[in-house]
Amino acid sequence: MLEIVLLAMVAAFLGLRLYSVLGRRAEQEEEPAVQRFESDDKPAIRPAAVPAPVPAPRAPELEGVMPAVERALREIAAADGRFNLAQFLEGARGAYRMILEAFWKGDRETLRELCDDDVYAGFIAAIDAREAAGETMDNTLIRIEEVRIHSAALDGRMARIALLFVADIAAVTRDSAGNVIAGSLDDAIESRDVWTFSRNVSARDPNWLLDETDEG
């Protein structure tokens, strides 16, 4: 009888020990995972902000140019890998001076190189009329104040760019005896001209020709 009582006491003791261990483990397993892995004291990790792309700086030659004209210039540059707007404008300045001085002096050869057929014909007609009247032009280009892009277009393979030239010119016309019959070398006048240059972008010749003149 005593042995039975002792065995019962041992069984009860082992049962209590087993319950105490398993009970605490079950309570720990029932705790939400959030409580074990998250803490209000730690800031949430956010993805690093991606910096916005910085736009490419605009070429100073395009300041004040209308969007449609700028698109046309980009089309010309895409069609002609050798086209450079800054170099074109610098070359146009030189061409403006050379053409004016050739016209004043009656230099047909230079005009032939720099103008297309229609513009060349117009210059030659004016030179012929001036020479027939015995008159000469004693003009001087004092300075080119401004060269501004007026318009641009790419029609097929033909590129055309119109520029506004603002210049100071001292203009004098003399008769056959050398007497001044118009103008004055002492008073320069402002000249505003819109000249259009053209070029076939597929041609090997990189030169642009003057194909239209107008007052600005």
Side-chain angles (χ1 to χ4, degrees), residues 60-61 63-65 69 73 76 80 82-153 155 158-201 203-216:
E61 296 84 7
E63 290 300 324
V65 174
V69 177
L73 291 171
I76 293 172
D80 181 5
R82 295 177 296 182
F83 178 75
N84 179 282
L85 182 57
Q87 293 177 0
F88 169 81
L89 292 175
E90 188 63 27
R93 280 178 171 268
Y96 182 76
R97 179 181 293 275
M98 291 175 63
I99 291 172
L100 284 180
E101 292 178 349
F103 172 66
W104 297 335
K105 296 175 183 177
D107 183 353
R108 294 170 173 80
E109 183 177 352
T110 298
L111 293 173
R112 177 69 282 180
E113 294 176 355
L114 299 176
C115 305
D116 77 346
D117 293 341
D118 291 340
V119 174
Y120 174 74
F123 280 140
I124 296 304
I127 291 172
D128 290 343
R130 190 173 69 216
E131 292 178 347
E135 298 175 353
T136 58
M137 299 188 76
D138 188 15
N139 293 4
T140 302
L141 177 59
I142 306 299
R143 70 181 63 85
I144 299 175
E145 296 284 357
E146 181 181 8
V147 180
R148 187 190 314 162
I149 300 172
H150 184 270
S151 64
D155 185 6
M158 184 61 66
R160 302 180 79 244
I161 302 177
L163 303 176
L164 169 65
F165 293 89
V166 180
D168 293 333
I169 297 175
V172 173
T173 302
R174 301 180 186 273
D175 61 17
S176 57
N179 300 314
V180 176
I181 59 176
S184 171
L185 287 175
D186 297 328
D187 297 322
I189 61 174
E190 183 183 83
S191 175
R192 300 175 67 89
D193 300 305
V194 176
W195 284 14
T196 302
F197 297 88
S198 65
R199 177 179 177 270
N200 187 329
V201 294
R204 292 183 178 180
D205 186 355
N207 294 322
W208 292 69
L209 296 177
L210 177 63
D211 78 354
E212 186 177 343
T213 62
D214 199 358
E215 294 182 359

Just do the side chain to side chain contact (heavy atoms under 4.5 Å, CB included) check on M137 and I127 with the steps written out, would you?
CA-CA 10 Å; M137 299 188 76; I127 291 172; over 6 Å; no

[X] side, atom [atom1]; [Y] side, atom [atom2] - distance, nearest 0.5 Å:
{"X": "R192", "Y": "E190", "atom1": "CZ", "atom2": "CD", "result": "5.5 Å"}
{"X": "L210", "Y": "L163", "atom1": "CG", "atom2": "CG", "result": "10.0 Å"}
{"X": "W104", "Y": "T173", "atom1": "CH2", "atom2": "OG1", "result": "11.0 Å"}
{"X": "L164", "Y": "D214", "atom1": "CG", "atom2": "CG", "result": "10.5 Å"}
{"X": "T140", "Y": "E101", "atom1": "OG1", "atom2": "CD", "result": "8.5 Å"}
{"X": "R82", "Y": "N84", "atom1": "CZ", "atom2": "CG", "result": "12.5 Å"}

Using atom types as modelled and distance alone, determine if a side-chain donor or acceptor of D175 lies under 3.5 Å from a backbone N or O of E135.
no

D205 side chain to N207 backbone, donor-acceptor under 3.5 Å:
yes

Applying ring pair (Phe, Tyr, Trp, His ring centres under 6.0 Å), can you list everything that pairs with F103, at least two apart in sequence or on another chain?
F123

Do you know the tightest heavy-atom contact between [X] and [Y]?
{"X": "V172", "Y": "G183", "value": "CG2-C, 4.1 Å"}
{"X": "T196", "Y": "A162", "value": "OG1-CB, 3.4 Å"}
{"X": "L209", "Y": "C115", "value": "CD2-N, 4.1 Å"}
{"X": "R130", "Y": "G106", "value": "NH2-N, 3.8 Å"}
{"X": "A167", "Y": "L141", "value": "CB-CD1, 3.7 Å"}
{"X": "F197", "Y": "A95", "value": "CE2-CB, 4.1 Å"}

Run the side chain to side chain contact (heavy atoms under 4.5 Å, CB included) check on V119 and I99 step by step: do they pass?
CA-CA 11 Å; V119 174; I99 291 172; over 6 Å; no

Would R108 and I124 count as a side chain to side chain contact (heavy atoms under 4.5 Å, CB included) if you check the C-alpha gap in whole Å, the side-chain angles of each, and the deciding distance to 0.1 Å?
CA-CA 7 Å; R108 294 170 173 80; I124 296 304; 3.3 Å; yes

Side-chain polar contacts of residues 143-152 - donor-acceptor pairs under 3.5 angstrom, sequence neighbours left out - could you list them?
residue	atom	partner	partner atom	Å
R143	NH1	D168	OD2	2.9
E146	OE1	R148	NH2	3.2
E146	OE2	R148	NE	2.9
E146	OE2	R148	NH2	2.9

Do the rings of F88 and F83 sit parallel, tilted or perpendicular, given the 30° and 60° boundaries?
tilted

In terms of side-chain geometry, is the basic nitrogen of R112 or D117 positioned less than 4.0 Å from the acidic oxygen of its partner?
yes

Could you walk me through whether I161 and I76 pass the side chain to side chain contact (heavy atoms under 4.5 Å, CB included) check?
CA-CA 10 Å; I161 302 177; I76 293 172; 3.9 Å; yes

Under 4.5 Å between any side-chain heavy atoms of D80 and R199, yes or no?
yes

Go through D138 and T136 one step at a time and tell me if the side-chain hydrogen bond (donor to acceptor under 3.5 Å, both in side chains) criterion holds.
CA-CA 6 Å; D138 188 15; T136 58; over 6 Å; no

Would you say CD of E109 has more than 12 non-hydrogen atoms from neighbouring residues, nucleotides or ligands within 6.0 angstrom?
no

